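One-based numbering, in listed order, for ligands and for the atoms of each. As the structure is a prediction and not an experimental result, all values here were calculated from the model.
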Amino acid sequence: MDKIVIEGGSRLQGEVEVGGAKNAALPLMLAALLTDEPCRLTKVPGVADIDTAGKLLAGLGASIERRPGGEVLIDCSSVDQWEAPYDLVRKMRASFVALGPLLARFGRARVSWPGGCAIGSRPVDIHLSALARLGAKIEQRHGYVEADARQLKGGHVIFEKPSVGATENLLMAACLAKGSTRLENAAREPEIVDLAEALAKMGAHIEGAGSSIIEIEGVERLAAMDHEVVSDRIVAATYLVAAAITGGDVVVRGARPEHLQSPLEVLTAMGATIETPTLPTGSAGPGRAGALRLVMAQQPRPLQIGTAPYPGFPTDLQAQFMALACFADGDSTIEESIFENRFMHVQELARMGAEISLVGHRATVRGAKLLSGAPVMATDLRASVSLVLAGLAARGRTEVLRVYHLDRGYESIEQKLSCLGADIRRERD
Ligand code: UD1
């Protein structure tokens, strides 16, 4: 198994490029199931979760070709299976989003029950009750969700909570349902908007994506799609935190500032200077992406954050900002209200000397600590990157074990940080 070894203390400086968001690319790949015409995605990140989605599609009978540079060609004309097996869903919960498109196009689906995961119980009740509103018959047998619907019918769904995965499942299912569907209390994440844009290119009729009410008018069939994946706001913000935690000066190319309003406000309040530099034409990466420059010329001020659905502060950045809070000149408070067990990094940061007290969903981080490098264990994707960030600013050597968590969502992170001046390498454990 690989580990990441970091000698802390280097100030990061330079430019780094972020690619497409894996959390957008995954449902987009599954959206290809909705048509028998070929689909082409670009800016798909080279991360392990994308390999898992590829395996899932191939297992269903799709042909999938990955080309260098993030191009993925998917042809679902020969899909003849309807099952997302336990092995893949266990590895990657996002596989559960195959349920909606399979049901919509083939009238049936068998998807493994996801079960718990490192950051909490993460139920799927909202997905299932909403699909039932569109006429799906759903049963749980032998650890699988079995869903049947000869013809989905449009319906009125009021989500109990804004769930990203449930909104994606319903959005895809409703595109091929008969009649109109109204989704209320829908998730508003940029990845949902990206999915809706791609579905519209396939011929879907969708209004309101990005707001909490989405209306979909079902169509009989969907066609080919060619789509560039929206840039990864979580990876972009992770590099901004890397700059802030090392007192650095970094330009993140490919970032979409409008998707990062809440984290940028926090970074600014902590004392960072953030600009949107004008880059020479062609240098900001393809498509609609821009750039962000962060300079941190002082010790960070403490932060107060509470995670919330978009446009609130993302739970996927909570661990990274906690690492940063350890170096602030005062005590910070962090409330996690999306996932009940998303503080697994606290124990590992404590091994590096951090003082963090936990009461229920609230963490208090004692600032002004000088962390010292230590061997630490990654427990999930974002927790693992928070340990890398802490290691960049700690004194001495940090070894982050169980790097496969990191590889699920960060492409070439050690090369990118190394180009910014970090002393970081990957080693076989
Ligand atoms: C997605 C993201 C993940 C991010 C999360 C929240 C992907 C692949 N993953 O996960 O990185 O951390 O959004 O922004 O895009 N819930 C229920 N019942 C359900 C579904 C969800 O109670 O049926 C709860 C969850 O336990 C959680 C909240 O709703 O408390 C939000 O979860 P959800 O938005 O569904 O997360 P995911 O789509 O799994």
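- With a heavy-atom cut-off of 4.0 Å, Lys161 touches ligand 1 through its side chain alone.
- Using a 4.0 Å cut-off between charged side-chain N and carboxylate O, Asp316 and Arg342 make a salt bridge.
- Applying the 6.0 Å contact sphere to CD of Glu335 captures more than 12 heavy atoms from other residues, nucleotides or ligands.
- The part of Arg342 lying near ligand 1 is the side chain, judged by heavy-atom distances below 4.0 Å.
- Contacts with ligand 1 closer than 4.0 Å are made by no heavy atom of Tyr310, backbone or side chain.
- Looking at Ile192, Thr315, Ile234, Asp316, it is Thr315 that brings a heavy atom closest to atom 6 (C) of ligand 1.
- A salt bridge is defined here as a Lys NZ or Arg NE, NH1 or NH2 lying under 4.0 Å from an Asp or Glu carboxylate O, and Arg40 with Asp226 meets this definition.
- Within 6.0 Å of atom CZ in Arg426, more than 12 heavy atoms from other residues, nucleotides or ligands are found, so the atom counts as buried in its surroundings.
- Checked against a 3.5 angstrom limit, the closest N/O atoms of Glu168 and ligand 1 fall outside it.
- Ligand 1 is never approached by Glu336 to a heavy-atom distance shorter than 4.0 Å.
- By the side chain to side chain contact (heavy atoms under 4.5 Å, CB included) test, Ala243 pairs with Val250, Leu294, sequence neighbours left out.
- Atom 35 (O) of ligand 1 has its nearest heavy-atom neighbour, among Ser129, Ser163, Ala24, in Ser163.
- At a 3.5 angstrom cut-off on N or O pairs, Asp125 counts as close to ligand 1.
- With sequence neighbours excluded, the residues that form a ring-ring contact (aromatic ring centres under 6.0 Å, His included) with Phe96 are His127.
- Considering backbone and side-chain atoms together, Gly165 places an N or O closer than 3.5 Å to an N or O of ligand 1.
- With respect to Ser384, the side chain to side chain contact (heavy atoms under 4.5 Å, CB included) criterion is satisfied by exactly one of Ile4, Leu406, Ile413: Leu406.
- In summary, Glu37 and Arg221 engage in a salt bridge, as defined by a charged side-chain N under 4.0 Å from a carboxylate O.
- Distances shorter than 4.0 angstrom do not occur between any heavy atom of Glu191 and any atom of ligand 1.
- Geometrically, ligand 1 and Asn23 share a nitrogen or oxygen pair separated by less than 3.5 Å.
- Of all atoms in ligand 1, numbered sequentially from 1 with element shown, those under 4.0 Å from a heavy atom of Ala94 are 8 (C).
- Taking any N or O of Arg382, backbone or side chain, none lies under 3.5 Å from an N or O belonging to ligand 1.
- In terms of polar-atom proximity, defined here as any N/O pair under 3.5 Å, Pro123 does make such a contact with ligand 1.
- Taking 4.0 Å as the cut-off between side-chain N and carboxylate O, Arg105 and Asp36 do not count as a salt-bridged pair.
- The shortest N/O to N/O separation between Ala166 and ligand 1 does not fall below 3.5 Å.
- Taking any N or O of Ile338, backbone or side chain, at least one lies under 3.5 Å from an N or O belonging to ligand 1.
- Test Leu303, Leu324, Leu317 against Val266 for side chain to side chain contact (heavy atoms under 4.5 Å, CB included) and you get one pass: Leu303.
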